[in-house]
Amino acid sequence: MRSFLSLLVLLGLGALLITAVAEMPLFGAPDSPAHQGIAIKYVSDAPHDTGAINVISAIILDYRAFDTLGEATVLFVAVVAVSAVLSKR
């Protein structure tokens, strides 16, 4: 019963992933959301919105701060996990 439930969950996740990938725009498509002007807005408005001189720093530290914090948290947890596994007692 447990293996059947695991198989059912995996099939559901697989179907969800296949559906999500099928709905994604083609790579480099001009009508994709990535090409709808957000990059131009970031580059033109970053110095005024954030007060930062460097546009890259403004984007990473102000516009995408929570995303960057999440990535740093994942890296920190990975380092702690590997250290815990490899440590000798």
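Side chains included, hydrogens not; waters and symmetry mates left out as well; all remaining heavy atoms used.
- Listed by first and then second residue, the salt bridge (charged side-chain N to carboxylate O under 4.0 Å, His left out) pairs involving residues 50-61 amount to none (not counting sequence neighbours).
- Sorted by first then second residue, the ring-ring contact (aromatic ring centres under 6.0 Å, His included) pairs that include residues 7-29, not counting sequence neighbours, number zero.
- For residues 13-36, the set of pairs meeting the salt bridge (charged side-chain N to carboxylate O under 4.0 Å, His left out) definition, not counting sequence neighbours, is empty.
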Atom pairs and distances, side-chain donor-acceptor, residues 6-17, under 3.5 Å, sequence neighbours left out:
unit_1, atom_1, unit_2, atom_2, d
Ser6, OG, Arg2, O, 3.0

Can you give me every donor-acceptor pair (side chain of residues 37-49, partner residue at least two apart or in another chain, under 3.5 Å) with its distance?
unit_1, atom_1, unit_2, atom_2, d
Ser44, OG, Ile40, O, 2.9
Ser44, OG, Lys41, O, 3.4
Asp49, OD2, Tyr63, OH, 2.8

Could you give the side-chain donor-acceptor pairs of residues 64-82 under 3.5 Å, partners two or more places apart or in another chain?
unit_1, atom_1, unit_2, atom_2, d
Arg64, NE, Asp67, OD2, 3.4
Arg64, NH2, Asp67, OD2, 2.1
Thr68, OG1, Ile60, O, 3.3
Thr68, OG1, Arg64, O, 2.9
Thr73, OG1, Leu69, O, 2.7

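- Residues meeting the side-chain hydrogen bond (donor to acceptor under 3.5 Å, both in side chains) test with Thr50, sequence neighbours left out: none.
- Residue-environment remark: CG (Leu5) exceeds the threshold of 12 foreign heavy atoms within 6.0 Å.
- Criterion: ILVMFWY side-chain heavy atoms under 4.5 Å apart, direct or through other members. Under it, Leu61 and Val55 are not part of a common hydrophobic cluster.
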